[in-house]
Peer 1: 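Submitted below is the structure of interest, expressed as structure tokens.
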2 protein chains.
Amino acid sequence: MKNIPIASVERVAKYIRCLKHLQSKGEEIVSSKKLAEHTQVTPEQVRKDLSYFGKFGKTGTGYNIKKVVKRLSNILKGRKNWNVCIIGAGALGTALSRYQGFRDAGYNIVALFDKDPEKIGKKIGSAEVYDIKKFSDITKKKDIKLAIIAVPAESIEEVEEYIAKSQIKGVLNFVPVTLNFNTKRKIAIIEVDLAQKLYILSYLTKK
Amino acid sequence: MKNIPIASVERVAKYIRCLKHLQSKGEEIVSSKKLAEHTQVTPEQVRKDLSYFGKFGKTGTGYNIKKVVKRLSNILKGRKNWNVCIIGAGALGTALSRYQGFRDAGYNIVALFDKDPEKIGKKIGSAEVYDIKKFSDITKKKDIKLAIIAVPAESIEEVEEYIAKSQIKGVLNFVPVTLNFNTKRKIAIIEVDLAQKLYILSYLTKK
DNA sequence: CCCGATTGTGAAATTTAATTGCAATAGTTT
DNA sequence: AAACTATTGCAATTAAATTTCACAATCGGG
């Protein structure tokens with residue numbers, strides 16, 4: 001696997017989601033044409049995207065949904081489910097920790113972190129809120145490699161330090177501040193700026 | 001304004017956010033070089049992006065932060081703030097309605113909608129939860145043009161119908177289902193698939 | 001009025017994405 | 001079992017989008 005366009009990777013995640021949906025409706029086989037209709041791309045695009053990752057279909061027939069879902073999610077997610085933590089047990093962090101979609105995709109929220117003594121020790125869904133001071137410790141013990149950040153903007157630098165010192169490999173950042181880790185090891189970052197989405201949306205409505 | 005790359009529009013939203021941050025620290029002037037450092041792009045990229053929308057700087061000096069923020073957010077958001085509603089008063093919808101970042105950016109959550117009688121009538125933050133049956137009515141009355149969807153996947157088709165019949169112009173969709181409005185008028189859609197982000201993140205950590 | 005700093009922008013280069021065309025194959029029908 | 005239809009996988013091509021480059025033009029300070 002070398003230079004796969006990120007756009008293709010993103011669409012593949014979309015295909016997985018769509019295929020799971022079709023599966024839940026009892027479908028077993030799907031063609032690139034049908035999958036394309038459901039995901040609003042062209043059939044050629046579907047085949048092209050998949051071809052980056054291998055051969056999935058049977059000529060003349062189509063794709064076996066079950067097999068494809070399994071192989072694709074192995075590629076994106078790996079074989080095992082991931083343990084994930086959420087930093088910030090405020091409104092957003094709490095809501096995210098209850099978000100069923102994460103579990104369905106194979107990502108389990110197993111811990112939250114906060115510095116507010118009021119919140120530490122509480123249970124939210126199936127996860128407990130821990131003292132952020134124990135971040136490195138607990139993420140190690142629980143084998144957590146991915147973190148979701150949902151703290152107020154003013155706390156972000158503090159959080160950056162905790163993450164830098166830990167074993168975390170990937171970060172999903174909901175805080176509208178560009179992250180800047182001072183580490184040698186590479187930490188993957190995905191930024192989700194919700195307010196930015198509204199800016200773009202209102203811009204698009206005017207075009 | 002003709003063919004502005006969407007990637008540029010997205011970065012411009014990022015610049016706004018960064019400039020506001022610098023402003024809050026008391027800075028008044030910034031160079032493309034400095035802005036680039038803060039947003040992790042190149043100075044050339046910054047200047048290029050801005051140039052799609054006009055001339056903002058002073059040769060030899062840099063950019064007046066206050067002026068640029070004002071002009072850019074006028075371009076993306078327009079002069080007036082927007083009224084926004086949230087469909088789905090569950091955990092996610094509730095958290096989003098309290099999200100301060102929306103207000104800071106000039107988007108006010110003025111209503112929520114749900115079909116659960118238990119929830120209808122409650123106040124969440126400053127907004128009330130209304131019966132989804134009154135969607136068209138209330139969005140019209142309150143001059144709401146943007147909607148955020150945060151319902152369970154199985155309710156999505158119902159929601160699509162309500163939106164199609166209303167005056168809504170743009171949709172921010174948190175439900176992992178590709179939307180499909182049957183309308184002549186164009187509705188702008190931005191999809192935010194949170195589970196997809198984790199797929200991509202775990203994929204990136206393995207590269 | 002010279003000098004270093006900095007913008008704005010065409011043009012070139014690069015990267016990414018979409019399209020086309022077709023051989024190969026699987027299942028279905030006659 | 002031959003003909004027919006549907007469909008994949010790919011190589012090659014074309015097109016589009018994005019980024020980088022290079023430099024003239026200009027500003028402000030000493």
Side-chain angles (χ1 to χ4, degrees), chain A residues 1-15 18-19 22 27-72 75 191 200 203-204 207, chain B residues 1-16 18-19 22 27-72 75 200 203-204 207:
Chain A
M1 271 180 262
K2 45 270 141 169
N3 276 351
I4 301 173
I6 188 67
S8 288
V9 179
E10 287 177 356
R11 276 191 301 267
V12 164
K14 201 173 179 183
Y15 301 152
C18 181
L19 290 169
L22 292 173
E27 312 245 350
E28 292 183 0
I29 302 286
V30 73
S31 66
S32 60
K33 192 176 165 197
K34 204 167 182 184
L35 181 52
E37 277 168 17
H38 282 281
T39 49
Q40 315 219 324
V41 298
T42 63
E44 295 80 10
Q45 183 83 71
V46 169
R47 300 207 297 273
K48 182 72 159 179
D49 287 335
L50 294 180
S51 76
Y52 285 118
F53 298 98
K55 295 180 184 180
F56 294 86
K58 201 181 265 184
T59 311
T61 313
Y63 301 91
N64 177 308
I65 295 182
K66 197 175 165 188
K67 275 191 193 171
V68 173
V69 167
K70 195 168 183 181
R71 277 183 60 200
L72 284 182
I75 288 166
E191 310 264 349
I200 313 273
Y203 173 76
L204 291 176
K207 283 218 301 189
Chain B
M1 269 182 263
K2 48 266 142 177
N3 275 352
I4 300 173
I6 187 69
S8 289
V9 179
E10 287 177 355
R11 277 192 300 266
V12 163
K14 202 174 179 183
Y15 302 151
I16 293 178
C18 181
L19 290 169
L22 292 172
E27 311 245 351
E28 293 183 359
I29 303 287
V30 74
S31 66
S32 60
K33 193 177 166 196
K34 203 168 183 183
L35 181 52
E37 278 167 17
H38 283 281
T39 49
Q40 316 220 323
V41 298
T42 63
E44 294 81 10
Q45 184 83 74
V46 170
R47 300 206 297 274
K48 188 65 158 179
D49 287 336
L50 294 180
S51 77
Y52 286 117
F53 298 98
K55 294 181 184 181
F56 293 86
K58 200 181 266 184
T59 310
T61 310
Y63 300 91
N64 177 308
I65 296 182
K66 198 175 164 188
K67 275 193 193 169
V68 173
V69 167
K70 195 168 182 181
R71 277 184 58 199
L72 284 182
I75 288 166
I200 313 273
Y203 173 75
L204 291 177
K207 282 220 299 192

Peer 1: Kindly compute the distance separating NZ (Lys66(B)) from CG (Leu19(B)), expressed to the nearest 0.5 Å.
Peer 2: 14.0 Å

Peer 1: Is there a side-chain contact between Phe56(A) and Arg71(A) in this structure, where contact means two heavy atoms from C-beta onward sitting under 4.5 Å apart?
Peer 2: yes

Peer 1: Rounded to the nearest 0.5 Å, what separation is found between the NZ atom of Lys33(A) and the CD atom of Glu44(A)?
Peer 2: 11.0 Å

Peer 1: Strictly distance-based, threshold 3.5 Å: is any side-chain N or O of Ser8(A) a donor or acceptor partner for the main-chain N or O of Ile4(A)?
Peer 2: no

Peer 1: Atom CD1 in Ile29(B), atom OH in Tyr63(B): separation rounded to 0.5 Å?
Peer 2: 12.0 Å

Peer 1: Can you tell me how far the CD atom of Gln40(A) sits from the SG atom of Cys18(A), to the nearest 0.5 Å?
Peer 2: 10.5 Å

Peer 1: How many Å lie between CG on Asp49(A) and P on dT16(C), as a whole number?
Peer 2: 14 Å

Peer 1: Salt bridge check, Lys14(B) against Glu191(A): does any charged N sit closer than 4.0 Å to a carboxylate O?
Peer 2: no

Peer 1: Students often get this wrong, so: under 4.0 angstrom with heavy atoms, is Thr42(B) touching a base, only sugar-phosphate, or nothing?
Peer 2: sugar-phosphate

Peer 1: At what angle, to 10 degrees, do the two end axes of the helix from dC1(C)-dG30(D) to dT30(C)-dA1(D) meet, given five pairs define each axis?
Peer 2: 20°

Peer 1: Under a criterion of less than 4.0 angstrom to any heavy atom of chain A, what are the 5'-terminal and 3'-terminal contacting nucleotides of DNA chain D?
Peer 2: dA6(D) to dA12(D)

Peer 1: Does the protein touch nucleotides 1-10 of chain C at the base, only the backbone, or not at all? Give it as B, S and - per nucleotide, heavy atoms under 4.0 Å.
Peer 2: ----BBBBBB

Peer 1: Near Glu28(A) CD, under 6.0 Å, is it more than 12 heavy atoms from other residues, nucleotides or ligands?
Peer 2: no

